[in-house]
Enquirer: 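Let me give you the structure first, and then I'll get to my questions.
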Amino acid sequence: MNLLVASLAVLVTLPSIILGGPVRLEVFDVDLVSEKDCYNNSLTLHVASSSIDRGFVESQTVKCLNIEHGQITYVTQGAFDEVPNLTYLSLEGNRITPRDLFSFGGLKSIRTLILSNQVNQYDGKELVIQGVYPQLRYLDLRNNSINSVRSLADNPFPVLKHLDLSMNRIVYFDFANLLPSTLSHLYLNRNSISRFSGQKFSNLMVLSLDGNNIDSIGDVYYGLNLTGARNLKSLSVGSNRIAALSKQAFKDNVNLQYLNLSSNSLSSLHSDTLESLQMSLQVLVLDGNSFDDIPISTIMNLTTLSMNCNGMKHLTVNPLLNMPYLKKLYLGGNTITDINSFAFRFQTRLEELYLNDNNLTYLQDQWADYMSSLRLLDLSGNRFELLDSLLKSPVAPIREIYFDRNPLKYINAAAFKAIPENATIHLQENPNRIVGSCRPTTPSVATEWPSTTGTWSPTSGRPWEWDSTSGSPWYSTSRGWWNHYKKMSTENLSS
């Protein structure tokens with residue numbers, strides 16, 4: 001087939017690029033091809049044959065080409081030579097093996113290349129990179145059964161910024177020498193990697209290694225070594241086997257703003273471990289570990305702390321003393337039975353507090369007196385039988401109180417007099433509201449175990465994660481802090 005294209009105006013919707021990880025940040029500071037670049041210069045083809053031959057399309061105007069979800073198994077070298085201005089190419093969802101993913105050879109003008117989700121049943125194959133791609137910025141190789149990488153050229157991607165190799169079968173990350181120093185976003189989620197060194201990647205801003213086999217951070221020879229990654233702003237290593245963080249784990253990562261350590265085997269943090277992150281870190285996710293208290297012993301500038309599904313039973317005096325700028329706090333799915341009156345003494349900036357799915361039966365007098373900025377309080381899924389204790393210490397600016405899934409026996413009408421003006425108390429569960437539950441997981445892959453909220457033991461040795469009962473992740477866009485950090489990331493991570 002030879003298709004000559006002089007000019008065209010084919011409507012094509014470019015795939016949105018969503019970054020992986022427990023908190024999916026929309027950080028788009030890589031130089032991608034936009035819809036504006038492709039307007040009136042795009043072509044979508046549905047190819048019935050299993051191969052694409054040389055010169056099958058000839059056009060000086062086409063910039064963006066989509067040949068997706070077909071039966072293609074092979075693309076002949078030079079197949080795109082007659083489309084000299086091609087900047088965006090997607091071959092997603094075909095049947096090309098890892099060895100032949102780059103069989104078409106180098107493309108001089110391509111900036112965005114999508115080769116993800118090839119349909120094959122291979123146990124794991126070597127990816128062979130053929131040719132040089134001098135302008136390539138974004139490369140998507142997700143879900144292709146790749147177990148190793150080899151290149152026929154020394155430096156195949158000299159200006160690459162964004163690489164996604166998630167959902168493959170990589171055990172050894174031994175191809176760092178093929179990646180340029182320009183790399184800023186690297187996604188290796190859901191592989192079997194146990195060792196990774198960031199020493200080569202001085203310009204890396206986003207690193208995601210969720211669902212691998214990493215057991216420590218800070219060791220020079222084993223686990224995750226972040227020495228030299230001085231520009232790193234977002235690190236996600238959820239659902240690994242991490243049981244230890246060295247004192248110097250983040251010593252070079254002084255610009256880190258977001259850190260996800262969820263669903264690991266951590267039970268403590270040394271006071272020196274987070275010292276280098278005092279000024280930069282804004283969001284810390286420790287869900288699904290084995291902490292029995294809040295482990296922050298260094299003064300931090302954190303605005304969001306998430307510790308769902310740990311082993312906390314009590315909130316004592318001033319456990320949040322070192323986080324005076326905290327705005328959102330997630331403590332759902334623990335086994336908290338009591339809260340000291342001075343637990344939130346220094347949380348004058350706290351806006352959202354999630355205490356859902358614990359074992360609370362009462363709240364002490366004046367427990368909320370110091371939270372002068374609180375506007376959302378979630379007490380759903382506890383063991384309250386009365387509303388009275390909730391209303392003993394009303395907070396003026398509060399607007400939303402979630403009190404559903406509690407075994408209320410009756411409601412004292414007089415108690416409603418203490419409700420702040422314009423506040424809403426939700427007593428009935430909203431099926432459209434995302435509510436998480438704790439479930440046990442293997443270190444890398446979530447298992448379909450039933451919810452065990454409030455009954456699990458932190459000493460069981462089994463990692464936990466916060467799971468949405470509605471089918472969407474608890475960190476989805478319905479959560480206010482997600483929207484806040486997504487906006488913050490877009491503004492700050494590109495600066």
Side-chain angles (χ1 to χ4, degrees), residues 19-25 124 142 146-149 163-176 179 183 185-201 204-229 232-253 256 258-270 273-274 276-277 281 283-291 295 306 309-310 440-447 461-466:
L19 310 185
V23 181
R24 292 176 173 83
L25 307 178
R142 289 172 298 132
I146 297 167
N147 63 8
S148 60
V149 179
L163 174 62
D164 197 336
L165 275 162
S166 299
M167 295 182 286
N168 281 291
R169 304 186 182 187
I170 299 168
V171 177
Y172 302 106
F173 186 76
D174 54 4
F175 48 90
L179 303 178
L183 195 68
H185 296 64
L186 179 58
Y187 299 89
L188 294 164
N189 302 316
R190 293 177 63 183
N191 282 280
S192 298
I193 298 168
S194 59
R195 296 174 60 184
F196 180 92
S197 174
Q199 288 181 306
K200 175 182 171 59
F201 306 110
L204 198 63
M205 295 171 59
V206 177
L207 175 62
S208 189
L209 285 156
D210 294 328
N212 280 281
N213 293 324
I214 295 168
D215 61 7
S216 62
I217 302 179
D219 192 290
V220 176
Y221 302 104
Y222 301 99
L224 177 59
N225 176 15
L226 296 170
T227 303
L232 194 64
K233 295 187 178 182
S234 172
L235 173 64
S236 188
V237 283
S239 298
N240 277 271
R241 303 172 183 269
I242 299 170
L245 303 176
S246 80
K247 297 179 184 179
Q248 304 296 315
F250 308 109
K251 64 182 178 64
D252 284 352
N253 315 126
L256 196 66
Y258 169 83
L259 176 58
N260 171 32
L261 293 165
S262 64
S263 298
N264 280 288
S265 301
L266 294 167
S267 58
S268 63
L269 288 178
H270 193 276
T273 300
L274 300 179
S276 60
L277 309 180
L281 195 63
V283 178
L284 177 60
V285 184
L286 296 172
D287 299 345
N289 281 282
S290 299
F291 293 102
S306 189
C309 305
N310 277 275
T441 70
T442 64
S444 297
V445 182
T447 56
R462 186 178 292 129
W464 293 75
E465 72 173 8
W466 188 249

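None of the values given here were measured: they were computed from a predicted structure.
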Enquirer: What is the distance from atom CD1 of Ile146 to atom CG of Asn191, rounded to the nearest 0.5 Å?
Expert: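 Here the rounded value is 9.0 Å.
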Enquirer: Do side-chain atoms of Asn168 reach the backbone of Ile170 as a donor and acceptor pair under 3.5 angstrom?
Expert: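 Not a single qualifying donor-acceptor pair exists.
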Enquirer: Just by distance, do the side chain of Asn225 and the backbone of Gln199 share a donor-acceptor pair under 3.5 Å?
Expert: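 Answer holds: no.
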Enquirer: Nearest 0.5 Å, please: how far is OH in Tyr187 from CG in Leu209?
Expert: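 Output value for this atom pair is 11.5 Å.
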Enquirer: Of all heavy-atom pairs between Phe175 and Tyr172, which one has the smallest distance, and what is that distance?
Expert: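 That would be CE2-O, 4.2 Å.
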Enquirer: Rounded to the nearest 0.5 Å, what separates atom CG in Asn260 from atom OG in Ser234?
Expert: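 Result: 8.5 Å between the selected atoms.
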Enquirer: Do Thr227 and Val220 touch side chain to side chain, with heavy atoms closer than 4.5 Å?
Expert: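 Thr227 does not reach Val220 side chain to side chain.
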Enquirer: Closer than 3.5 angstrom, by distance alone: can the side chain of Ser276 be matched with the main-chain N or O of Phe250 as a donor-acceptor pair?
Expert: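 Yes; judged by distance alone, with no hydrogens or angles, the pair exists.
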Enquirer: Is it true that a side-chain atom of Ser239 and a backbone atom of Gly211 form a donor plus acceptor pair closer than 3.5 Å?
Expert: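 Judged by distance alone, no pair lies under 3.5 Å.
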Enquirer: With a 4.5 Å cut-off on side-chain heavy atoms, are Leu204 and Leu183 touching?
Expert: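 Yes, side chains in contact.
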Enquirer: Spell out, as yes or no, whether a donor-acceptor pair under 3.5 Å connects the side chain of Asn310 to the backbone of Ser290.
Expert: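 Yes, the answer is positive, given that a donor and an acceptor are paired below the 3.5 Å cut-off.
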Enquirer: Report the distance from atom CG of Asn240 to atom CG of Leu261, rounding to the nearest 0.5 Å.
Expert: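 Rounded to the nearest 0.5 Å, the CG-CG separation comes out at 9.5 Å.
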Enquirer: Under 3.5 Å, side chain of Asp210 to main-chain N/O of Gly238, donor-acceptor pair present?
Expert: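 Here the side-chain-to-backbone pair exists.
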Enquirer: Under the 3.5 angstrom rule, does the side chain of Asn253 hit a backbone N or O of Ala229 as a donor-acceptor pair?
Expert: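 Looks like yes, one N/O pair under 3.5 Å.
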Enquirer: Could you tell me how the ring of Phe201 sits relative to the ring of Phe196: parallel (under 30°), tilted (30 to 60°) or perpendicular (over 60°)?
Expert: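 Plane angle under 30°, so parallel.
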Enquirer: Determine yes or no for a side-chain-to-main-chain donor-acceptor pair under 3.5 angstrom, with Asn212 supplying the side chain and Ser192 the backbone.
Expert: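 Yes, the answer is positive, given that a donor and an acceptor are paired below the 3.5 Å cut-off.
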Enquirer: Carefully, step by step, assess Phe173 and Leu165 under the rule side-chain contact (heavy atoms from CB on, under 4.5 Å).
Expert: CA-CA 11 Å; Phe173 186 76; Leu165 275 162; 5.5 Å; no
Enquirer: Using the side-chain contact (heavy atoms from CB on, under 4.5 Å) definition, which of the options Leu235, Asp252, Leu256 pairs with Leu226?
Expert: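 In the set Leu235, Asp252, Leu256, the residue that makes a side-chain contact (heavy atoms from CB on, under 4.5 Å) with Leu226 is Leu235.
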Enquirer: Measure the CD1-CG distance between Ile214 and Asp219 for me, rounded to the nearest 0.5 Å.
Expert: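 The CD1 atom of Ile214 sits 12.5 Å away from the CG atom of Asp219.
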Enquirer: May I ask you to decide if Ser267's main-chain N or O and Asn289's side chain share a donor-acceptor pair within less than 3.5 Å?
Expert: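 Looks like no, no N/O pair under 3.5 Å.
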Enquirer: Side-chain contact, heavy-atom cut-off 4.5 Å: Pro295 with Leu266?
Expert: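 They are not in side-chain contact.
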Enquirer: Report yes or no: do Ser262 and Asp287 form a side-chain donor-acceptor pair below 3.5 Å?
Expert: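 On atom types as modelled, these side chains do not qualify, holding no pair under 3.5 Å.
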Enquirer: Side chains of Tyr258 and Val206: closer than 4.5 Å at any heavy-atom pair?
Expert: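 In short, these two side chains do not touch, never coming nearer than 4.5 Å.
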Enquirer: So Ser166 and Arg142, do their side chains get closer than 4.5 Å, heavy atoms only?
Expert: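 Result yes, sub-4.5 Å side-chain heavy-atom pair found.
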Enquirer: Decide whether a cation-pi geometry holds between Arg195 and Tyr222; the criteria are a distance under 6.0 Å from NZ or CZ to the six-membered ring centre and an angle within 45° of the ring axis.
Expert: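 Yes, Arg195 lies over the aromatic ring of Tyr222.
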Enquirer: Quick one: NZ on Lys233 to CE on Met205, what's the gap to the nearest 0.5 Å?
Expert: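 Here the interatomic distance stands at 4.5 Å.
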Enquirer: If you take all heavy atoms of Gly218 and Ser246, which pair is closest and at what distance?
Expert: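 Minimum heavy-atom contact is CA-OG, 3.4 Å.
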